[in-house]
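Structure, as structure tokens:
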There are 2 protein chains.
Amino acid sequence: MAQKIKLSTIADALGVSTATVSLALRDSPLVADTTRQRIKEYARTIGYIYNRRAASLRTSRSGIIGVVVHDIMNPFYAEILRSIESELDRSRQTFLLSNHYDQLEKQRTFIDTLLQLGADGVIMSPAIGTPAEDIRMAEENGLPTVLIARSVEGANVPVFRGDDAYGISLATNHLISLGHTRIAMIGGTDHTSTGRERYRGYVAAMQAAGLEVKPEWRFPGPRTKQAGFEIAGAFLALKDKPTAAVCWSDLVAIGLMNGIARAGLVPGRDISVTGYDDLEEAAIATPALTTVWNGQREVGRRAARVLLDRLNGAEVAPTQELIKPELHVRQSTGRPVER
Amino acid sequence: MAQKIKLSTIADALGVSTATVSLALRDSPLVADTTRQRIKEYARTIGYIYNRRAASLRTSRSGIIGVVVHDIMNPFYAEILRSIESELDRSRQTFLLSNHYDQLEKQRTFIDTLLQLGADGVIMSPAIGTPAEDIRMAEENGLPTVLIARSVEGANVPVFRGDDAYGISLATNHLISLGHTRIAMIGGTDHTSTGRERYRGYVAAMQAAGLEVKPEWRFPGPRTKQAGFEIAGAFLALKDKPTAAVCWSDLVAIGLMNGIARAGLVPGRDISVTGYDDLEEAAIATPALTTVWNGQREVGRRAARVLLDRLNGAEVAPTQELIKPELHVRQSTGRPVER
DNA sequence: CTGAAAGCGCTTACAG
DNA sequence: CTGAAAGCGCTTACAG
């Protein structure tokens, strides 16, 4: 590697000051056209690489935005990330991604890294148990924060997520209207706002229809395809077996359907199943999954937009925005079959 | 936000020099135990945040490692990333992730960002059409590079990937040994080393067994579940329809099986299907997918390890390492059914 | 074991 | 329109 090329290398070669070079490269109108062109041209030919660390140290803006979610491998988050990415790309921000796997320690380490790097902001789907204090700390240290998918009690920042109680009621009511009376709720955890809201919505819909909610019809826990698959046995072994299952997510639903099929029953005919999220995959599952669209794109896009607005100095109200979910009916639900 | 706390804040408060504070915080043995403890204790209580930009400007090590792949949403890459992540975590490196979606421009922008941030190295699954020159440029500018999953002709850096020709021959020979003679190859592209190798391996296995390879039995293109699903129609419409399909990946295979099921046939009985990668999902697909384990974990782990070694000054040979794939037989393959 | 000082490569008032 | 100079917050020889 040759001698490091820096602003002063260019300045010396062209007989101008580093100030002029700096301004020219950033297209400042202060610099004469011809000067600017000469400088940019020369910088290109010698392969100058801008040193963002130096600039950032001086300006205290880094161009980095952190994004931390439970697990980027989960398609639900992946779809959100996709839209965040396209939004940030447009404004030339670099985005730093991390999983926290619901480990508070990992999340804290990441926030710390962001602070050390002087990140401009962070979008997070907070880990289970995140105290409002953690978010306040980030904000106080100059790291504007926006929450997605889950809220944190007492945190004074914008939140974008779906209306979970309403969304799950769409699925539950759909099954009720098909004639199901014994409906299980599979997956999810009470440790997140999302989990609590969905269970609440399910119970409310059942009770509103005058239907019984049996404790053994609830299978908390599963949040992956694998876990949905594995729970099928216990579900099918219930006496007075429910004829339908409202699942916590598409992943759980698809896993469950695979488990049901493996047991020789036909999901969508013998057992109706609903998902939640409407992942791309839901439409090509067998049978195609009836599910609740949860606005991933919308959540990501709006969270990124609001954060960028904050960075540009806009005052943003720390309010919670609930995206309205929609029911997408496909083949995994039908009238109950009594046998 | 209060006045920014920096090394000198601590130094002044404690009546020592910034040099001592700097050394103490990094646990240098040069500093007396009691001094160090006093300093660290004080730093904690006032909430000091280390400024990595400043440090990095001075030391020219940033602690950042870039990782760029086609698409992190693809479980194949996600599984690789997972193992890279756990490897890098251990050595306290921050990893900066990006998709290139096989757009050279996007990949270049990312490499540029890494250079500007002074990243310590990059692990990449190169975008289609990446010239060796791009990699040489990164290396010459002090960005050590390691390739995964795909190789680049003429690039003089370590590569970790599966032995594709061998792997696909395992799948093809398995079908042949079950008695299949009309076997299609579905998905993949000739634009990547991976795609070429797998097709080559399939053709070689067929020919070695004295079987015919019809051009219309090849369906290039599909690389997603969705695309596998959509190709099912064309595949099933072939005259002299093949009794088996070797798929380019698990995603394509699972999509294809869904498409076959949607058409009223039973995958694994009417049509045998093999995947490639052995994603976590393969085992819970319906039917469970016979596939080729492609060593994602291994690829990620070793790529990260080698890069870290290079950062620590080890000489690393720029050789290509082929991970040996293994056939995992499940329920999606069986003897051919003539009807 | 500790301190004074230079320097990493930018940007930004300020002066002309 | 351009230049001289200070300063962002660290680390690292060097001296003691």
Side-chain angles (χ1 to χ4, degrees), chain A residues 1-40 42-43 46-64 113 115-120 141-142, chain B residues 1-40 42-43 46-64 113 115-120 141-142:
Chain A
M1 180 165 73
Q3 188 57 41
K4 197 83 187 170
I5 295 161
K6 43 191 176 178
L7 278 193
S8 64
T9 316
I10 300 174
D12 291 352
L14 263 43
V16 295
S17 72
T18 57
T20 302
V21 176
S22 171
L23 293 169
L25 292 179
R26 284 173 296 139
D27 288 322
S28 161
L30 287 176
V31 179
D33 263 15
T34 50
T35 316
R36 172 155 41 82
Q37 280 169 21
R38 239 175 80 226
I39 291 173
K40 295 186 84 165
Y42 185 71
I46 63 172
Y48 167 69
I49 290 169
Y50 179 66
N51 188 324
R52 255 160 82 161
R53 291 168 289 178
S56 157
L57 181 57
R58 182 59 225 255
T59 62
S60 66
R61 266 192 83 152
S62 63
I64 291 174
T113 299
L115 290 170
Q116 295 183 1
L117 291 171
D120 296 335
N141 283 292
Chain B
M1 180 164 74
Q3 189 57 41
K4 198 81 185 170
I5 295 162
K6 44 191 174 177
L7 279 193
S8 64
T9 316
I10 301 174
D12 291 352
L14 263 43
V16 296
S17 73
T18 57
T20 302
V21 176
S22 171
L23 293 170
L25 291 179
R26 285 174 296 139
D27 287 322
S28 161
L30 287 176
V31 179
D33 263 16
T34 49
T35 316
R36 172 156 41 82
Q37 280 170 21
R38 238 174 82 228
I39 291 173
K40 296 186 85 165
Y42 185 71
I46 63 172
Y48 168 69
I49 290 169
Y50 179 66
N51 188 325
R52 254 159 84 160
R53 292 169 288 177
S56 156
L57 182 57
R58 180 60 224 255
T59 62
S60 67
R61 266 192 84 154
S62 63
I64 291 174
T113 299
L115 290 171
Q116 295 182 1
L117 291 172
D120 296 335
N141 283 292

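Hydrogens, waters and symmetry mates are skipped; everything else that's a heavy atom, side chains included, is used. Naming convention: chains lettered A, B, ... in sequence-line order (proteins, then strands); numbering from 1 in each chain.
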Nearest to the side chain of A/L7 - D/dT12, C/dC10, C/dG9? C/dC10
Checking contacts here: which listed nucleotide (C/dG9, D/dT11, D/dG9) is nearest the side-chain heavy atoms of A/K6? C/dG9
B/I5 CD1 to D/dC8 P, in whole Å, measures 16 Å
Look at all strands and tell whether A/S60 reaches a base, only sugar-phosphate, or nothing, counting heavy atoms closer than 4.0 Å. nothing
Touch check for A/S56, heavy atoms < 4.0 angstrom, all strands: base, sugar-phosphate only, or nothing? nothing
Sequence neighbours excluded, the answer for side-chain hydrogen bond (donor to acceptor under 3.5 Å, both in side chains) partners of A/S22 is A/R26
Side chains of B/L117 and A/I64, heavy atoms from C-beta outward: is any pair under 4.5 Å? yes
What is the distance from CG of A/L57 to P of C/dC8, rounded to the nearest Å? 13 Å
Closest-nucleotide ordering on DNA chain C, the 5'-leading residue of B/T20 and B/A54: B/T20
It should be established whether B/T35 places a side-chain nitrogen or oxygen under 4.0 Å from OP1 or OP2 of nucleotide C/dC1. no
Look at A/Y48 and C/dC10 and indicate whether a side-chain polar atom (N or O) is within less than 4.0 Å of OP1 or OP2. yes
Between A/K40 and A/D27, is any pair of side-chain heavy atoms under 4.5 Å apart? yes
By the 4.0 Å heavy-atom rule, please label A/A55 as base, sugar-phosphate, or nothing. sugar-phosphate
Interatomic distance where CD1 belongs to A/I49 and P belongs to C/dC8 [whole Å]: 18 Å
Atom CG of A/L14 and atom P of D/dT2 are separated, to the nearest Å, by 11 Å
Nucleotide-level pairing of DNA chain D, given in dot-bracket where Watson-Crick and G-U pairs need both distances under 3.5 Å and | marks other strands: |||.||||||||.|||
Take atom CZ of B/R52 and atom P of D/dC8, then tell me their distance rounded to the nearest Å. 22 Å
Checking C/dC10, D/dA5, D/dG9 against the side chain of A/A19 (C-beta onward), the nearest is D/dA5
I need the CD1-C1' distance between B/I10 and D/dG9, as an integer number of Å. 12 Å
Minimal non-hydrogen separation, B/S17 against B/A11, with atom names: C-CB, 3.7 Å
With a 4.5 Å limit on heavy-atom distance, are the side chains of B/N51 and A/L57 in contact? yes
List the steps and the verdict of side chain to side chain contact (heavy atoms under 4.5 Å, CB included) for A/Y50 and A/L25. CA-CA 9 Å; A/Y50 179 66; A/L25 292 179; 5.8 Å; no
Among D/dG3, C/dT2, D/dT11, which nucleotide has an atom closest to any side-chain atom of A/V16? D/dG3
Does some side-chain heavy atom of B/T9 sit less than 4.5 Å from a side-chain heavy atom of B/K4? no
For A/R58 and D/dA6, what is the distance between atoms CZ and C1' respectively, to the nearest whole Å? 8 Å
4.5 Å side-chain heavy-atom contact, A/Y48 and A/I10: yes
B/T18 has a side chain; which of D/dG9, D/dT11, C/dT11 sits nearest to it? D/dT11
Take the protein atom CG of B/D12 and the nucleotide atom P of C/dG3, then report the distance between them rounded to whole Å. 11 Å
Please classify the nucleic acid contact of B/G15 as base, sugar-phosphate, or nothing, using heavy-atom distances under 4.0 Å. sugar-phosphate
When every non-hydrogen atom of A/A24 is compared with those of A/I39, the smallest separation belongs to CB-CD1, 3.6 Å
Would you jot down, in residue-number order, the residues of residues 21-33 of chain A having a non-hydrogen atom under 4.0 Å from DNA chain C? A/S22, A/R26
Under a 4.5 Å cut-off applied to non-hydrogen side-chain atoms, are A/R36 and A/L23 in contact? no
